[in-house]
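Numbered from 1 within each chain, the chains take letters A, B, ... in sequence-line order. All values below come from the heavy atoms of this structure, side chains included, with hydrogens, waters and symmetry mates left out.
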Amino acid sequence: MRRPITISSKPTFLRLYKALYKAFGPQQWWPGETPFEIVVGAILTQNTNWRNVNNAIQKIKQAGLMDPMKLHAHYRRIPALIRTAGFYRSKAKCLRAFLKYYIEKYGARTEAFAKKGTRAIRKELLSIRGIGPETADSILLYALRRRVFVIDAYTRRILSRHDIIEHDLPYDVLQQTIQKNLPASRKIYNEYHALLVRTGKEFCKKNEPLCNACPLGTMLPRA
DNA sequence: ATCCGGACCA
DNA sequence: TGGTCCGGAT
């Protein structure tokens, strides 16, 4: 029986964050050069490691297509360009759907896109097939610098293994819980997610987690 | 060979 | 609830 921690453990989320920051330092996310490139990366990184995504991004750049109008004009080339990111057919469709939306609604202009409220943009993004909550929130946080906490598989795994949250809470519930228990800081949200991803990849593996070597190893709930 | 990861669909 | 989409790391 897991018990979700809420009010009584408000400092817990921050303690974890501080431990990770101390261990790993700032993660310098997101590595994309422009908001558009960050959107592309956010879509491509679904179910994939960043290394494979970066490969695809370089391909797009080498083709001179890291631009919404150009990429849309050559959308038939997208599957081949992004193949290494995996799920390339679905992701190509998603990319194309985003491009259509971005061009038709905002003239492919970041400033126009970024003018809208966070909730409105989130709703619009979620209506695009292939963009779910994590991808939408990644775009909001990292491309548009909105104060939104991104939930992913690593977040669920790390926090639930530490008995801080229940693993199966719905995305939005989990997001609200975390945001309520953290300072309302965009920079902390940015850094925290990046630190959780790093921790998940390196230590909090799905099978055989490396708790002894993990910076959070001493903060484990009593077994 | 098996593992890993978001979103959608039936 | 379980299947499907995918390539690259291990």
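If you check the side chains of Gln176(A) and Tyr171(A), you find no donor sitting under 3.5 Å from an acceptor. Using modelled atom types and a 3.5 Å distance limit, the side chains of Thr110(A) and Tyr102(A) yield a donor-acceptor pair.
Here dG5(B) is the nucleotide among dG7(C), dC4(B), dG5(B) with the atom lying nearest to any side-chain atom of Asn47(A). Checked against dG6(B), dA9(C), dC4(B), the side chain of Phe87(A) finds its nearest nucleotide in dG6(B). When the nucleotides dC4(B), dG7(C), dA7(B) are ranked by their closest atom to the side chain of Gln46(A), dA7(B) comes out on top. Looking at the side chain of Lys206(A), the nearest of the listed nucleotides dA7(B), dC6(C), dG5(B) is dG5(B). Residue Ala153(A) has its side chain nearest to dG5(B) when only dG5(B), dC5(C), dG8(C) are considered. If you check dA7(B), dG7(C), dC6(C) against the side chain of Thr135(A), the one that comes closest is dA7(B). Closest to the Arg157(A) side chain, of the nucleotides dG5(B), dG7(C), dG8(C), is dG5(B).
To the nearest angstrom, P of dC4(B) lies 9 Å from CD of Glu208(A). The separation between Asp152(A) atom CG and dC4(B) atom C1' is 12 Å, rounded to whole Å. The separation between Ile158(A) atom CD1 and dC4(B) atom P is 14 Å, rounded to whole Å. Rounded to whole Å, atom P of dT4(C) lies 17 Å from atom OH of Tyr88(A). Between the C1' atom of dA7(B) and the CG atom of Leu95(A) lies a distance of 15 Å, rounded to the nearest Å. Taking atom NZ of Lys91(A) as the reference point, atom C1' of dG6(B) lies 9 Å away to the nearest angstrom. Here dG6(B) presents its C1' atom at 16 Å from NZ of Lys93(A), a figure rounded to the nearest Å. Computed from coordinates, the Ile57(A) CD1 to dG8(C) C1' distance equals 16 Å when rounded to whole Å.
In this structure, CD in Glu37(A) is found 5.5 Å from CD1 in Ile57(A), a value given to the nearest 0.5 Å.
With respect to Lys61(A) and Glu33(A), a salt bridge is recorded, a charged nitrogen being found less than 4.0 Å from a carboxylate O. Note on Arg122(A) versus Asp172(A): salt bridge recorded, some NZ/NE/NH1/NH2 to OD/OE distance being below 4.0 Å.
A residue-by-residue look at Ile131(A) and Gly86(A) shows that Gly86(A) has its nearest nucleotide of DNA chain B further toward the 5' end.
Counting any heavy atom pair closer than 4.0 Å across all strands shown, Thr45(A) reaches no nucleic acid atom. Residue contacts shown for Ile128(A) are limited to sugar-phosphate atoms, with no base heavy atom under 4.0 Å away. Heavy atoms of Arg156(A) sit nowhere under 4.0 angstrom from any nucleic acid atom. Within 4.0 Å (heavy atoms only), Asn49(A) reaches no atom of the nucleic acid at all.
Taking 4.0 angstrom as the limit, Asn55(A) places none of its side-chain polar atoms (N or O) nearer than this to OP1 or OP2 of dG7(C). Note on Arg129(A): a side-chain N or O is less than 4.0 Å away from OP1 or OP2 of dC9(B). Look at Arg89(A) and you'll find a side-chain N or O under 4.0 angstrom from OP1 or OP2 of dC6(C).
One N or O on the side chain of Thr84(A) and one on the backbone of Asn52(A) form a donor-acceptor pair closer than 3.5 Å.
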